[in-house]
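Report on one structure; see the data block that follows.
All values reported here derive from a predicted model rather than from experimental measurement.
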Protein chains: 2
Amino acid sequence: MSELTERQKVILSLVVHEYVRTANPVGSKNLVKHYHLDYSSATVRNELAALTEAQYLSQPYTSAGRVPTEKGYRFFVSGLIQMRELPEETRHMIEHQFSQAQQGMDGWIKLAASILADQANAISVVSAPLPNRTRVKYVSLISITSKQILMILVLEGGQMQQRFMFVNETMTQGQLNEIAETLNRMFEGRNSEEIRVTAKHLPSMGNVADEIVRTLLNTLYDTDALQTGEVYTDGINKVLAEPEFSDSEEARRTLRFLDEKPLLQNFLSKTTREQKVGGVQVFFGGDGLLKDIANCSLVVARYGMQGVATGTIGVLGPMRMAYSKNIPTVRFLAGILSDLVSDSSQ
Amino acid sequence: MSELTERQKVILSLVVHEYVRTANPVGSKNLVKHYHLDYSSATVRNELAALTEAQYLSQPYTSAGRVPTEKGYRFFVSGLIQMRELPEETRHMIEHQFSQAQQGMDGWIKLAASILADQANAISVVSAPLPNRTRVKYVSLISITSKQILMILVLEGGQMQQRFMFVNETMTQGQLNEIAETLNRMFEGRNSEEIRVTAKHLPSMGNVADEIVRTLLNTLYDTDALQTGEVYTDGINKVLAEPEFSDSEEARRTLRFLDEKPLLQNFLSKTTREQKVGGVQVFFGGDGLLKDIANCSLVVARYGMQGVATGTIGVLGPMRMAYSKNIPTVRFLAGILSDLVSDSSQ
DNA sequence: GTTAGCACTCAAGGCTTTAGAGTGCTAACG
DNA sequence: CGTTAGCACTCTAAAGCCTTGAGTGCTAAC
């Protein structure tokens, strides 16, 4: 675990930069020429050998150029990286798009996914903000037919759930309004556990009302169970252009991972540990656990209001990705989404 | 345009079947051996030559096997095809999954997309059912903070829209309830045009109420503009396994098309013309218009209640797809979705 | 510590060869 | 006349071979 010299750090940075740019193993001569280094290729060769020895770089085959290893990327991102902030005009452009977008969390999330995929030229992954514990904000009951009821549940954090119910007694909209009013008085701001307890110690308000409370609770349980909400994805076609996905088998594995929503949700829910970079975290190679994305990195941040409702936004691409651009982009978009969440939920 | 003989039809069917199975150009000897034909390969060769002459088949290169042309597939699907209905148990399994699924159109659509992608081993495309003309079923106003209002709009056909509003005056939930009640009395069952006219001839009910009506109208307009609703997609990774997508450029073009929601919506909205097969339609090669999917077919059906709310469900895959299985599958799922729509909206 | 020089390695791309599947045509057969 | 066996011909895909060139490690001199 010996320290690297300054020069070695510089060279490691250059190798990462060059490899990200060209996707080809980078050699000593090339490096000297391209970056006008003031020492010779032989010197660089010695340093490369040292970096390879220390496992920051590897060679695809004997006597080829060098490629950063996972360890190399980790070191680069955690220390050497120089962020390339988004240009002012790009920021304005993005903010403008949000200001014009159809209102509502759903639309914002899709917009964020689309913008991120575009900026990073990779797959973007955005999960909806979810109340950390699901609390009821408002219940609304709507009579669809005489024996059919639509329950709309507005939860803190702006999320909504709907359920259809079939009941045995005929109910008018007026009667439903009354029930809804009662429920709102009792349940507003409560979570599933509190509601369950309250409801147990309550005299029955009639068959239908009981049925409604039962359905409401079930809906809350469902919501609680889904720890990370809906996950939106964009930019799949972008990443197929990358050489690491020209092998369609490789591409399939990555896309399979994206379709496995539970896996993805579980993975995103871990967004807290791992190294942090100004709120943005980077997972390399599926954290060693998910071999479907062993060659990919995920740059991800949590957005929203801590303790109220949070979601995640990130970009998934080959490990050879432009971290110095993607990290600021994710950070910026997470900030925008956070503002939108707190505007609409406090 | 001379008629084909019976034998030619049989042979065309076999070529399609074999090519769908193997993805390799199929030759005369192979055909005779595999299907135990009681005439010789030379005879088959003559027939193949005739079919090629008539443009039902083509040769990738001189003296290779035959491959069905678009015309060949069209003819096969419109006349020769023998449907392979879903086995009883598969149907039950699917119905069971729907009965257990989280209620609500959203969930059903995703489930249908997932099942279809799985059954067809291709990309499934499902659009949400949309009222042919958007009519209001119910308006609900919810006070989020004292100057912020959430409007929930339930439309006929089960669709929902939500909007946040910022207003200048402080409004209590009680006041909002009153306004909502008035709006429901006036607007229930009306579409945007009718509401616009009604609202114009109305005395003002106060600043906030006017603002709410304006927002409601805008929301309706937005909804009207989106002719085909949200489109869900599943099974992208499945199709990458097909040899026609091993060229990643080809795959990218197809996926690009899927990301172009407007294109896709526009295309799905054409589901009415073209050849019909028991309610299911088949588009070959993007109908000549969309060259991004020139090598793909789309098997698609409209579901829902005619004149009330309809959506589309379909499967997109290489033109070399298992039509005899996919068509019944799409038909079956469209039926299930139709039942669900009519259950929840009549 | 740095650098020039040199022999060596090895993938990538181009070229050639080979094998085999498939064709079209002709002539014979019932 | 439709069907079939036989045969010469075509053309791809796969395998093998060669060449090229970027890149290396090592050594010896600066």
Please give, in whole Å, the distance from D:dT24 C1' to A:N30 CG?
14 Å
Whole angstrom value for the distance that separates C1' of C:dC8 from CD of A:Q59:
14 Å
For A:N295, which residues count as a side chain to side chain donor-acceptor pair (under 3.5 Å) partner, sequence neighbours excluded?
A:E250
Taking side chain to side chain donor-acceptor pair (under 3.5 Å) as the test, write out the residues that go with B:Y35, two or more places apart.
B:H17, B:E18
B:R74 to B:Y56 six-membered ring, cation-pi geometry met (6.0 Å, 45°)
no
Salt bridge or not between B:K9 and B:E47? Use side-chain N to carboxylate O under 4.0 Å.
no
In DNA chain D, stems of three or more consecutive pairs, Watson-Crick or G-U, each with both distances under 3.5 Å, turn out to be C:1-30 with D:1-30
Between atom CG in A:L57 and atom P in D:dG25, what is the gap in whole Å?
11 Å
Can you tell which of B:V16, B:V282, B:V299 makes a side chain to side chain contact (heavy atoms under 4.5 Å, CB included) with B:V77?
B:V282
Could you state the atom-to-atom distance from CG of A:N24 to P of C:dA11 in whole Å?
15 Å
Only counting residues at least two apart or in another chain, list the ones meeting side chain to side chain donor-acceptor pair (under 3.5 Å) with B:T22.
none
When you measure from the side chain of B:T69 to the backbone N and O of B:Q55, does any donor-acceptor pair fall under 3.5 Å?
yes
Is the cationic atom of A:R91 (NZ for Lys, CZ for Arg) positioned less than 6.0 Å from the six-membered ring centroid of A:F332 and within 45 degrees of its normal?
yes
Atom NZ of B:K33 and atom P of C:dG20: how far apart are they, to the nearest Å?
14 Å
Say you draw a straight line from CE of B:M83 to CD1 of B:I81; how long is it, rounded to the nearest 0.5 Å?
4.0 Å
Determine, for B:Y19 and B:R66, whether the Lys NZ or Arg CZ falls below 6.0 Å from the six-membered ring centre while staying within 45 degrees of the axis.
no
Got a sec? Which of residues 9-18 of chain A come in under 4.0 Å of DNA chain D, heavy atoms?
none
Send over the distance from B:K29 NZ to C:dG24 P, rounded to a whole Å.
13 Å
Rounded to whole angstroms, how far apart are CZ on A:R66 and C1' on C:dC10?
14 Å
Enter the distance from A:C296:SG to A:F257:CZ here, rounded to the nearest 0.5 Å.
9.0 Å
Protein-proximity profile, nucleotides 2-21 of chain D, B/S/- by nucleotide at the 4.0 Å heavy-atom cutoff, equals -SBBB---BSS---------
